[in-house]
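Remarks on the structure that follows.
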2 protein chains.
Amino acid sequence: MMQLRVRLLPLEAEKPIVVLNKEDADEIDVRPLERVRIRYNHHNFIAIVNTTERMVKEGEIGLYEDVMENIKIRSGQTIRVDAANPPESMSYIKKKMEGMMLTKHEIDSIIDDTVGGNLSDIELTSFVTSLYNHGMTMGEIANLSMAMTRTGDVLRLKKKEIYDKHSIGGVPGDKTTILVVPTVAAGGLTIPKTSSRAITSPAGTADRFECIAPVEMGLEEIKSVVEKTNGCIVWGGSVDLAPADDMFIKIEYPLSIDPFLLPSVMSKKKAVGAKYLVIDIPTGEEAKINTKEEFENLADKFIVLGKKLNIKVNAVSTYADQPLGYAIGPALEAREALRTIMTGKGPADLIDKAATLAGVLFSYSGAKDGKKMAMDMIRSKKTYKKLQEIIEAQGGDPGIKPSDIPIGKKKASLLSKTNGKVLWISNKTVDAVARRAGAPKYKGAGILLNKKIGDKVRKGEKLLEIYAENTAKLNQALGIAGKSEIMKIGKKSTMALERYPPIGERDRTFILER
Amino acid sequence: MMQLRVRLLPLEAEKPIVVLNKEDADEIDVRPLERVRIRYNHHNFIAIVNTTERMVKEGEIGLYEDVMENIKIRSGQTIRVDAANPPESMSYIKKKMEGMMLTKHEIDSIIDDTVGGNLSDIELTSFVTSLYNHGMTMGEIANLSMAMTRTGDVLRLKKKEIYDKHSIGGVPGDKTTILVVPTVAAGGLTIPKTSSRAITSPAGTADRFECIAPVEMGLEEIKSVVEKTNGCIVWGGSVDLAPADDMFIKIEYPLSIDPFLLPSVMSKKKAVGAKYLVIDIPTGEEAKINTKEEFENLADKFIVLGKKLNIKVNAVSTYADQPLGYAIGPALEAREALRTIMTGKGPADLIDKAATLAGVLFSYSGAKDGKKMAMDMIRSKKTYKKLQEIIEAQGGDPGIKPSDIPIGKKKASLLSKTNGKVLWISNKTVDAVARRAGAPKYKGAGILLNKKIGDKVRKGEKLLEIYAENTAKLNQALGIAGKSEIMKIGKKSTMALERYPPIGERDRTFILER
């Protein structure tokens, strides 16, 4: 045991980390990433050790601001420090490293320590990598999902028949949720939809809907919106559903792996109390899921996992070889979705996809032709009426019109250099150009397509417009658009080998969006 | 591209890490642990990104002191920052995560980026974990060893027939090297021995020999010592042999795994130009290697790997169920080794082990009975004469006597509570008590055994003495010794189930020493 003088470190950490001078660490016999027990007044907690030879002097202990606030200590005061054991969960991570199956208790322990900040990045990485290397049984995935739900917030609604929708992502311009939620809610079903912001794509549903109404609200506000209107479209990040997931994403992203796809999705659905779920699995050459076999395989896993979690799941394989609708980027997409809902008319692919997914949820509740029912809702503006209720309940202006949504002040058009047909559109390049134009940080940035696959094009005709906040961003986006082809114009069946043009700048092949 | 104002961060890092404000990171579209390219004057390098919301303000970039020194920049100056690709090696790490075999080029690339500090801890952990999970072919291990040698310092001696000795560790009090090196060198063979300091044990050979002579010296000094005396015993850490190994150890230690054992050992032997190597593999219930089969398996791997690296390897399985000799702890062991070499007499197990290992090296060079030859060297004091030469060449006092080596000022004895025989000695408890007494940080701390396995003991007779620097450490060591049994005194074949007493405090079951 040692008495050490506290020194404030101007750093942020998400877990209790303390910094010891190497000499003091040797003295109490701990090495970097081992643990110490800290005692001060009635506080008593475990922290992960970093060591230094200069930053913290002998006799001192470096603490982060949030730790100091938690235990109400000031610089210069002393605390007692002693070597401590690694958490029990570390032995279970070790077990997974050996390729063994984990019990419910062991998974609970790992997730508790993940959420509690008791595992270092190295330990968490080893867990994530081992899950990826060795895989998990469906029982393990179910236990993981339940542990991830248990360690976070849970939405408790009065209605018990909760419907939900999820897309595993990967299609630019996919604003389907903005149509599905009010349609389903207008049909009398309860759909408390939490959505994510973009990680690697130009827009997440939360980014899109934020152009129409506020999306950041707490659990109680969400509850009130849903009990008033049957639905909501809110940002999942403002509530703490399955917080372990965010911690795993931080590890998965730099490794471009996603072993947590299933538990991540399902733990969040469980957290909102979902009983019926439709999962959209975009399938195609540039999507996460490339073939019918892969789709069936993944769909089957979702369905089996759903059974274990008492959630009825249907999965739909959707066309993914070009953007959905014509708009890409939060504001442009919000405009397109709003216009479609207001008029009951819009891009055929968007309306068909929304009606299909809403239809699956209607058919759960006994509808004979769910898709037709959904289509009727959209066309008859019942969807719009419900959307206005939701916008108002979330604190937005129900009278909002598409033109009220600001879009990028600078724009440039891409013209066709030749006559022909649109043979393909590169989703990856669309994403890269829209991001380089500033999306999702600048909501008005993005792309408006003028043509889609199969459309005839004349030389000099406009293919698309790029929108950006300023000229610099616009030029950067144009730079990428110039290097890589967004659209291929030609005669049918030419140039098959050029299907995946290199983006030229950074390769963003990994889509983490869940 | 962005221009950012440099701000000094009072932190240390071993790799180029920069800290960006989250807004700026979004602006150039990089996420935590992705890379940026930094340009300033003629400097142009890649750094790993951390992000913060407070510590570094918008428009600023946080740099560590060593980075700032490298590029000669001061706080307040501006540098250009742009998003950059992950290193190529990351795709090879990914390949290993998929369980695929890596080519020589791919392994070279990973090791280059490891040593260059271009891989984040998460990426390195994923590599280490995947090697552990999927294993490596002998070809991969050989390529890894060569890459680890290539990326570090290399000792180039005039003599080309270089002999070496290595122990994979795990036996308390193992001071064999201090006898082997002068014995082998006295026999006319060249043995440039680099040793490690303790990581988890109470003493490494470098810690021990440092009580007799200086062990920290550069490549040129080592060369001069060896060309003068045929041998040396120096700390490997003062030269940069296979530096990748230290980086992997930082990851392996908290995970208690050691997938790099083979390449770690062999890359360092290759770096000193070894042609003939004897490997000591302590085998027993508490050792890393528990059975004859495990020994043969590991020995075989070392031999096959040696062939690929052009090093002739012999492995010896040695008894590991109790400490070697009677002394544990740097100074106590140095005294015991020095006394044994000076008098040509000492603990039978120590002399036998040293003569066996030296004998293997002699037999490489054509000796008919290498062990006898080694024994003769020790008994005839030729070993001592050579040791004095080495001590002098390394800058020590060749007249040093055991009593010149200071040992712990405080001591306590443990007495037997019963009549009987020593049935077993717990190596783990010996290690834990010696470390708690202060070894290796306090060189004088440790344990002096008075009895070993099979010795008769009377009630009240002294079993061992614990040495420490001060009373507090002594009491802590006694605390552990009280909770866990170091020695079991009884009648033969009792209490077999108590063979592994829990240490009670921290569990140090993982021995990383190589």
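The figures that follow rest on heavy atoms only: side chains count, while hydrogens, waters and symmetry mates do not. We name chains A, B, ... by the order of the sequence lines, and we start the count at 1 in each one.
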Could you report the tightest heavy-atom contact between [X] and [Y], atom names first, then the distance?
{"X": "A/M1", "Y": "B/Q476", "answer": "N-NE2, 4.2 Å"}
{"X": "B/L255", "Y": "A/E123", "answer": "CD2-CA, 4.0 Å"}
{"X": "A/I257", "Y": "B/K94", "answer": "CG2-CE, 3.4 Å"}

ask   = With only heavy atoms counted, which part of B/K250 is less than 4.5 Å from chain A, the side chain, the backbone, both or neither?
value =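 Contact with chain A is through the backbone of B/K250 alone.
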task = Check whether B/E27 gets within reach of chain A through its side chain, its backbone, both or neither, counting any heavy atom under 4.5 Å.
result = both
key: Test item: side-chain donor near acceptor, B/S126 and A/T129, under 3.5 Å   =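 Yes.
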task = Tell me, for A/E23 versus chain B, whether the close heavy atoms (under 4.5 Å) come from the side chain, the backbone, both or neither.
result =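 Both parts, backbone and side chain.
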query = Quick one: what part of A/M90 sits under 4.5 Å from any heavy atom of chain B, side chain, backbone, both or neither?
reply = side chain
query = Within a reach of under 6.0 Å around NZ of B/K22, are more than 12 heavy atoms found that belong to other residues, nucleotides or ligands?
reply = no
ask   = When you measure from the side chain of B/R31 to the backbone N and O of A/P254, does any donor-acceptor pair fall under 3.5 Å?
value =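 It does not hold such a pair.
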key: Among the listed options A/E53, A/E65, A/R54, the residue most often paired with chain B at heavy-atom distances under 4.5 Å   =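 Result: the option with the highest number of such pairs is A/R54.
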ask   = So which of B/P32, B/S120, B/S130 has the biggest tally of heavy-atom pairs under 4.5 Å with chain A?
value =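 Heavy-atom pair counts peak at B/S130.
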message = I need the residue from B/I93, B/T52, B/D121, B/D26 with the largest number of non-hydrogen atom pairs under 4.5 Å to chain A.
response = B/T52
Test item: B/R436 and A/D29 side chains (from C-beta on) under 4.5 Å apart, heavy atoms =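 They are not in contact (no side-chain heavy atoms under 4.5 Å apart), so the answer is no.
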